[in-house]
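One structure is given below, encoded as structure tokens.
Quick note on labels: first sequence line is chain A, next is B, and so on, each numbered from 1.
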Amino acid sequence: MARVVVDVMLKPEILDPQGQAVQRALPRLGFEGIADVRQGKRFELEVEGPVDDAALARIHEMAETFLANTVIENFTVRVDS
Amino acid sequence: MARVVVDVMLKPEILDPQGQAVQRALPRLGFEGIADVRQGKRFELEVEGPVDDAALARIHEMAETFLANTVIENFTVRVDS
Amino acid sequence: MTLDTVKHANETPDVDQPWAELGLKQDEYERIRSILGRRPTGAELAMYSVMWSEHCSYKSSKVHLRQFGEKAPEADTPGGGALLVGIGENAGVVDVGQGYAVTFKVESHNHPSYIEPYQGAATGVGGIVRDILAMGARPVAVMDPLRFGAADHPDTKRVLPGVVAGIGGYGNCLGLPNIGGEVVFDPCYQGNPLVNALCVGVMKHEDIHLAKASGAGNKVILYGARTGGDGIGGVSVLASETFDDSKPAKRPAVQVGDPFQEKLLIECTLEIFREDLVDGIQDLGGAGLSCATSELASAGSGGMRVELDRVPLRDATLSPEEILMSESQERMCAIVEPGKVDRFLEICEKWDVIATVIGEVTDGERLEIFWHGEQIVDVPPRTVAHEGPVYERPYARPDWQDALQADDANKLARPATAEELREQVLKVISSPNQASKSWITDQYDRFVQGNTVLAQPEDSGMVRIDEDTNLGVAVATDGNGRYAKLDPYTGAQLALAESYRNVAASGARPLAISNCLNFGSPEDPAVMWQFAEATRGLADGCLALGTPVTGGNVSLYNQTGETAIHPTPVVAVLGVIDDVDRRTPIAFSDEGHLLYLLGD
Amino acid sequence: MTARVGVITFPGTLDDRDTQRAVRIAGLEPVPLWHRDKDLKQVDAVVLPGGFSYGDYLRAGAISRFSPVMETVIEQARGGMPVLGICNGFQVLTETHLLPGAMLRNNHLHFICRDQKLRVENADTAWTSDYEAGQEISVPLKNIDGRYVADERTLDELEAEGRVAFRYLDGNPNGSLRDIAGITNAAGNVVGLMPHPEHAVEPGVGTGRTDGLGFFTSILKRLVSAS
Ligand SMILES: Nc1ncnc2c1ncn2[C@@H]1O[C@H](COP(=O)(O)OP(=O)(O)O)[C@@H](O)[C@H]1O
């Protein structure tokens with residue numbers, strides 16, 4: 001079975017309170033030099049059958065309508081190799 | 001500035017109700033053929049300075065002690081190109 | 001791009017300005033020009049446009065809302081005598097005895113909650129909580145009167161869970177018990193759900209704070225979250241325009257709430273109050289800095305000078321106009337004497353809250369805003385904040401009203417057989433409007449703070465406000481859009497009476513009311529008539545009951561295309577109880593007790 | 001001498017004042033502790049209260065676990081000082097590995113608030129000695145990340161050593177493995193649970209029950225008899 005990964009991240013202009021909280025904590029833990037942190041979601045989909053263009057198009061649609069909230073999020077779809 | 005991505009996923013043996021809820025909803029939305037869905041976290045770190053082996057080692061440590069809870073989660077670190 | 005300074009505006013009087021896109025009418029734009037004696041700068045235009053929007057200026061509703069003041073109960077009535085701060089401030093304040101004062105208010109976040117249910121509802125809670133906090137009070141409880149489309153409509157499945165998760169996600173994270181609310185399903189709310197949120201706060205009389213900037217030399221401190229591109233223009237576009245299917249959906253950047261930041265803001269602000277470090281304070285909500293600076297300056301004495309480039313940003317590319325209009329959440333603005341600034345900043349540092357001195361109170365009369373040393377705003381603050389346009393919108397009883405009223409329940413066929421009767425009873429009790437609301441209320445923390453005396457499924461929510469004396473307050477919210485559509489005057493009174501009874505039935509003495517008036521477009525004379533009638537009914541009802549209106553919120557343009565929602569005035573009644581141990585819950589407590597029916 | 005119980009406030013802690021109240025009602029002296037201070041002000045025991053410290057961002061308890069105060073708490077807990085973690089406090093304790101396992105999102109994915117029935121499985125810990133083993137109590141449960149998980153070996157070990165301190169009754173509210181509501185370390189001084197005993201200490205508010213008071217009277221007795 002093939003695996004397709006959909007990464008969903010908040011749009012750059014949207015506040016990411018989680019990422020900010022993580023970034024602010026890093027220096028306290030002794031990790032310097034990280035200028036910014038954004039936290040998003042990663043979906044791993046196990047696809048039955050071939051992952052051809054048609055399948056990817058469907059997954060793209062799925063990401064657009066369901067996995068991501070395109071009012072505030074962007075997403076990318078890729079085959080995991 | 002370079003971007004490093006840390007992906008954190010629940011270990012395979014840990015129940016992932018979020019992934020399951022997504023997977024169960026798909027057929028209702030007209031998406032067939034997805035055998036399994038796992039949902040995890042994706043961190044995008046903007047790193048100041050060079051992303052050399054030393055920097056990656058530090059980020060690895062950061063993931064191990066902080067970004068992931070290795071009791072329940074696995075993680076991967078990679079440079080985003 | 002050149003900076004549109006005041007000087008530049010003087011030199012280029014004939015530049016075309018996007019007043020229409022910003023929601024201003026031609027005559028409103030002309031009025032701005034005549035106030036200023038020149039064309040406004042881009043920044044000034046931004047400020048006027050958001051502040052003169054329906055949402056911020058109440059331009060259509062103001063003439064009707066005046067009745068709440070004019071018909072306010074006399075000082076010798078229980079409620080009239082209890083009023084410490086009335087309409088016009090962030091929220092009204094009532095005296096509940098023992099040196100305590102209570103502030104409460106309902107607000108709407110209808111349109112944002114339809115676009116992005118989770119964040120829309122969450123930031124609705126955040127906004128009303130900051131209003132209460134700005135009065136000097138510790139927020140102690142929230143409530144959420146909600147209205148959705150048909151329970152089985154697919155879009156309700158998108159909107160309702162998101163709204164509930166957003167209210168819970170934000171309120172639970174702030175540690176505010178949710179002590180009640182409403183859930184009503186009706187197809188009229190399908191494209192326009194109503195998400196109203198109420199917050200109650202408690203303080204001592206001497207802790208009451210007002211939104212005003214006085215005392216030349218006092219510093220203006222902006223504290224809380226950094227400013228980003230959230231909801232720019234959202235206030236005018238989202239709250240003042242109708243959703244129209246034919247136009248492409250307008251989706252300005254949605255505001256995202258950070259309840260963690262808000263919790264820090266609450267604790268930090270309360271500590272600042274405890275040390276008596278602020279002179280005036282205002283939360284940043286709709287219209288962001290435009291609103292906070294102009295309202296503070298307008299309500300105080302003297303003027304204000306702001307260095308806008310000092311505002312901490314999340315997005316360095318924001319223009320000064322955008323910074324003025326941004327609706328980034330979790331921010332407050334305080335006026336602080338110079339000698340107290342250091343301590344103020346220290347407390348903010350303690351709570352990890354960013355705080356920046358962005359300006360000071362001047363002995364002039366103008367609100368002046370600078371961007372890297374160049375002046376981009378020079379306005380009389382009252383003209384922005386308090387002397388906006390006022391409309392006497394035409395209103396007329398709709399021609400369908402008579403037919404609607406005549407079509408009453410007496411015309412319906414009566415059940416003729418036991419079977420029919422059974423069917424009808426089942427239909428009534430299986431209606432989503434009668435069903436248990438526990439799927440929703442179980443997602444809200446009702447125990448946090450350890451003072452909750454009554455919450456769901458009780459008639460009113462009740463919290464203890466003094467652990468030693470057992471003093472408490474009760475709040476209920478009610479509204480009935482179907483009834484208000486049949487008769488807006490009586491419908492508003494019905495909502496008032498129901499809410500009043502719910503408070504009284506729990507053992508508390510009703511003292512004051514707040515309301516959220518959810519209506520369609522004020523440009524429709526039929527809607528305007530509903531609004532006029534409902535406010536008149538409510539004002540008359542409050543006078544009769546001796547309970548003053550302490551404040552509230554008007555939400556207009558609730559409609560899909562041409563179709564308005566049912567007129568939905570939601571009324572919240574606040575009561576006081578001297579000893580919460582003497583509350584009356586709804587459940588039967590012992591066998592053998594008798595049932596009485598009161599009233600006819 | 002009155003026994004002093006420290007109550008830590010992290011940024012985003014919600015139940016610190018409630019916990020102080022519960023401590024006071026039980027006859028102990030509550031001492032507020034601040035996350036940035038390593039100093040525990042010579043308290044005899046510490047409670048990590050509920051809430052959403054750091055907004056539950058990253059993972060519940062994950063950021064608080066690294067605060068200065070926790071350095072001292074971890075050290076002293078290992079030395080035998082009684083520590084109780086309630087809800088978010090329990091999450092912090094698992095993140096520090098003072099207690100095994102981890103807390104995950106409820107299996108139904110919703111926040112849940114209800115009066116929860118529990119069985120006290122272990123009445124020999126510092127915080128449960130005023131109960132009897134097998135006693136059933138009801139205290140409020142309110143969380144979204146309340147699902148206790150650990151690997152099978154750890155779970156078997158917990159069971160074998162009697163370290164499952166509380167178990168959910170009348171339905172598992174969140175998918176916690178083996179209905180675990182709370183656990184203790186081997187020494188019995190560190191206890192964590194998801195439900196909120198501090199919200200069940202007064203008859204007039206909340207659920208009206210006082211089943212949670214036993215946690216605080218247990219520690220009172222322990223501290224007074226030790227002194
Ligand atoms: N959205 C809500 N949020 C919080 N509490 C709610 C909400 N909706 C209903 N409730 C509470 O649930 C209980 C039952 O509500 P409801 O069935 O509408 O009763 P009633 O018809 O007596 O108002 C009341 O205590 C009410 O305050």
note = The single option from A:M9, A:Q20, A:Q23 that satisfies side-chain contact (heavy atoms from CB on, under 4.5 Å) with A:R38 is A:M9
request  = Compare all side-chain heavy atoms of C:N192 with those of C:H111 and state whether any distance is below 4.5 angstrom.
outcome  = yes
ask   = Under a 4.5 Å heavy-atom cut-off, does chain C meet the side chain of A:L15, its backbone, both or neither?
value = both
task = Counting only heavy atoms closer than 4.5 Å, note whether A:Q18 contacts chain C via side chain, backbone, both or neither.
result = neither
query = If you round to the nearest 0.5 Å, how far is CD1 of C:I128 from OG of C:S108?
reply = 9.5 Å
key: Toward chain C, the part of A:N69 with a non-hydrogen atom under 4.5 Å   = side chain
task = Identify whether the distance between the nearest side-chain nitrogen and carboxylate oxygen of C:K263 and C:E267 falls below 4.0 Å.
result = yes
